Structure formats: C-alpha cells, structure tokens
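To start, the structure under review is shown below, and the notes come after it.
For the numbers below, each heavy atom of this structure counts, side chains included, while hydrogens, waters and symmetry mates do not. Residues take their numbers from the sequence shown, with the count starting at 1. From a predicted model like this one, the values you see are computed outputs, not experimental measurements.
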Amino acid sequence: MLQFTCPLQRKPSYTAEGFELSVGTNQLGHFLLSRLLLDDLKQSDYPSKRLIIVGSITGNTKTLAGNVPPKANLGDLRGLVKGLNGVESSAMIDGGEFDGAKAYKDSKVCNMLTMQEFHRRYHDETGITFASLYPGCIATTGLFREHIPLFRLLFPPFQKYITKGYVSEEDAGKRLAQVVSDSV
C-alpha cells in the first residue's frame with residue numbers, strides 16, 4: 001500500500017522497514033537513492049553533474065515559514081540514534097513527542113544537511129554539485145489534503161497574494177529542471 005506523509009498526523013506511521021514515515025520517505029529514501037546514484041554520477045562524462053533534493057522553506061528557521069510552530073529542530077538526534085521506531089524510543093529525530101508537522105520539517109532539514117555534507121565530501125573529488133532546492137510554495141498539492149476545507153481554500157491565495165511564495169506545480173517543475181540542467 002502506498003503511504004504519504006501528512007503534517008497533521010497525530011500518531012506516527014511507519015515504513016515497512018520500521019522508520020517513522022516522514023523521515024523514512026523524505027530523508028532515508030532520498031539518502032539511499034543519492035548514495036545509489038553517486039557511482040553513476042561519478043562515472044558520467046556529462047560536464048555539469050548535479051544531484052538535487054527538493055527541500056522546504058519550513059525547515060529553515062531563518063525564514064518566516066520556518067518560524068511557524070512547531071519549528072524544525074533535530075536536537076541531539078536521540079530518536080535517530082535509537083532507530084525512530086517508537087518501540088524503545090521516539091518516532092521523532094530529536095527523541096521528543098510525535099508531531100506530524102515537525103516530523104515533516106525535521107526530515108526536510110535532514111535533506112538540506114545531507115546535500116551540504118555530500119557536497120563537502122564529494123564535490124572536490126567528483127565535480128558533482130549537491131544541493132537542496134526550495135522551488136516555492138506549491139500550495140495546491142496533496143500535502144494539505146488533511147487540513148480543514150477552509151484552510152485548503154484560503155492557503156493558496158494567501159501564499160500567492162500575501163507572502164508571494166506561491167508557485168504552481170508546473171512552475172516548480174520548471175525551476176527544478178532549470179537548476180538541474182542550466183549550464184551555469
């Protein structure tokens with residue numbers, strides 16, 4: 001069964017491997033795919049090799065969106081160290097109480113940190129550029145499917161006219177394609 005993360009979840013869901021669903025889907029899955037792609041990227045003769053993960057501004061506490069509670073905070077990684085399975089530990093990376101919105105934001109922080117670390121470790125040796133991209137607020141996606149109807153109605157125009165952060169799925173895709181394919 002295909003499962004999706006949901007910031008409004010009150011109780012954690014888990015991947016088949018036993019990891020909390022947000023971190024399993026958004027971080028561990030992306031990390032594994034990045035590691036699997038690394039050798040192929042290293043061997044590529046393409047002149048501008050890049051590996052990009054789609055991020056979220058909600059994980060950046062230096063932004064307005066990142067300061068909307070609950071804030072992303074990985075703490076001392078206590079939950080990650082203990083396995084994120086909720087059996088003998090927390091399902092949260094920081095080891096705290098489960099919060100679906102924070103789990104999502106924390107997973108996106110991990111994406112950003114992963115790309116920074118990959119770039120630090122592998123860029124000089126391979127020439128590969130590693131980055132995390134926030135393409136804008138795609139306020140009409142299924143991420144907000146569990147919110148109340150009034151939120152789903154008002155959030156897109158709020159993002160479009162007040163914050164000016166709204167982008168369509170098509171525009172977000174174009175931004176990602178540009179970052180991946182532009183020669184500069």
Looking only at heavy atoms, what is the nearest atom pair of Pro135 and Val167, with distance?
O-CG2, 3.5 Å
In Å, rounded to the nearest 0.5 Å, how long is the span from CG of Leu51 to OG1 of Thr129?
10.0 Å
Is the backbone of Ser22 close enough, under 3.5 Å, to the side chain of Thr25 for a donor and an acceptor to pair up by distance?
no
With a 4.5 Å limit on heavy-atom distance, are the side chains of Asn73 and Lys102 in contact?
yes
Separation between CG of Asp124 and NE2 of His119, rounded to the nearest 0.5 Å:
7.5 Å
Quick one, Lys71 and Lys105 - any side-chain contact, counting heavy atoms below 4.5 Å?
no
Do His30 and Thr114 have side-chain heavy atoms sitting under 4.5 Å apart?
no
Heavy atoms of Gly66 and Thr61 approach each other most closely as O-CG2, 3.7 Å
Separation of Ile53 CD1 from Leu176 CG (nearest 0.5 Å):
11.5 Å
Hey, what do you get for CD (Gln159) to OG1 (Thr140), rounding to the nearest 0.5 Å?
11.0 Å
Membership question, hydrophobic clusters at under 4.5 Å side-chain separation (ILVMFWY): are Val109 and Leu32 in the same one?
no
Indicate the ring-plane relationship of Tyr122 and Phe130, choosing parallel, tilted or perpendicular according to the 30° and 60° boundaries.
tilted
For Tyr166 and Phe155, I'd like to know if the aromatic rings sit close, meaning centre-to-centre distance below 6.0 Å.
no
What closest approach, in Å, do Met112 and Ser56 show between heavy atoms, and which atom pair accounts for it?
CE-O, 4.0 Å
Contact between Arg78 and Asp94 at the side-chain level, heavy atoms closer than 4.5 Å - yes or no?
no
Quick one, Ser34 and Met115 - any side-chain contact, counting heavy atoms below 4.5 Å?
yes
Looking at every non-hydrogen atom in both residues, tell me the closest pair between Asn26 and Ser107 and how far apart they are.
ND2-OG, 3.1 Å
Going by heavy atoms in the side chains, are Thr58 and Val68 under 4.5 Å from each other?
no
Over all atoms of both residues, closest heavy-atom pair of Ser168 and Ile138
C-CG2, 4.2 Å
Can you tell me how far the OH atom of Tyr46 sits from the OG atom of Ser181, to the nearest 0.5 Å?
6.5 Å
Glu20 and Ser13: side chain donor to acceptor below 3.5 Å
no
Is Phe118 reachable from Leu37 through a run of hydrophobic residues whose side-chain heavy atoms are each under 4.5 Å from the next?
yes
For the backbone of Ile128 and the side chain of Lys42, can you confirm whether one donor and one acceptor N or O come within less than 3.5 Å of each other?
no
Work out which heavy atom in Val54 is nearest to a heavy atom in Lys108; give both atom names and the distance.
O-NZ, 2.9 Å
Between atom CG of Leu38 and atom NZ of Lys49, what is the distance when rounded to the nearest 0.5 Å?
9.5 Å
Run the side-chain hydrogen bond (donor to acceptor under 3.5 Å, both in side chains) check on Glu169 and Thr141 step by step: do they pass?
CA-CA 8 Å; Glu169 291 178 54; Thr141 67; over 6 Å; no
So do Ile93 and Cys110 actually touch side chain to side chain, heavy atoms under 4.5 Å?
yes
Glu17: what forms a side chain to side chain contact (heavy atoms under 4.5 Å, CB included) with it, not counting sequence neighbours?
Thr15, Phe19
Verdict with supporting geometry, Thr163 and Phe158, side-chain contact (heavy atoms from CB on, under 4.5 Å)
CA-CA 7 Å; Thr163 70; Phe158 175 78; 3.5 Å; yes
Sub-4.5 Å side-chain heavy-atom contact between Gln116 and Leu113
yes
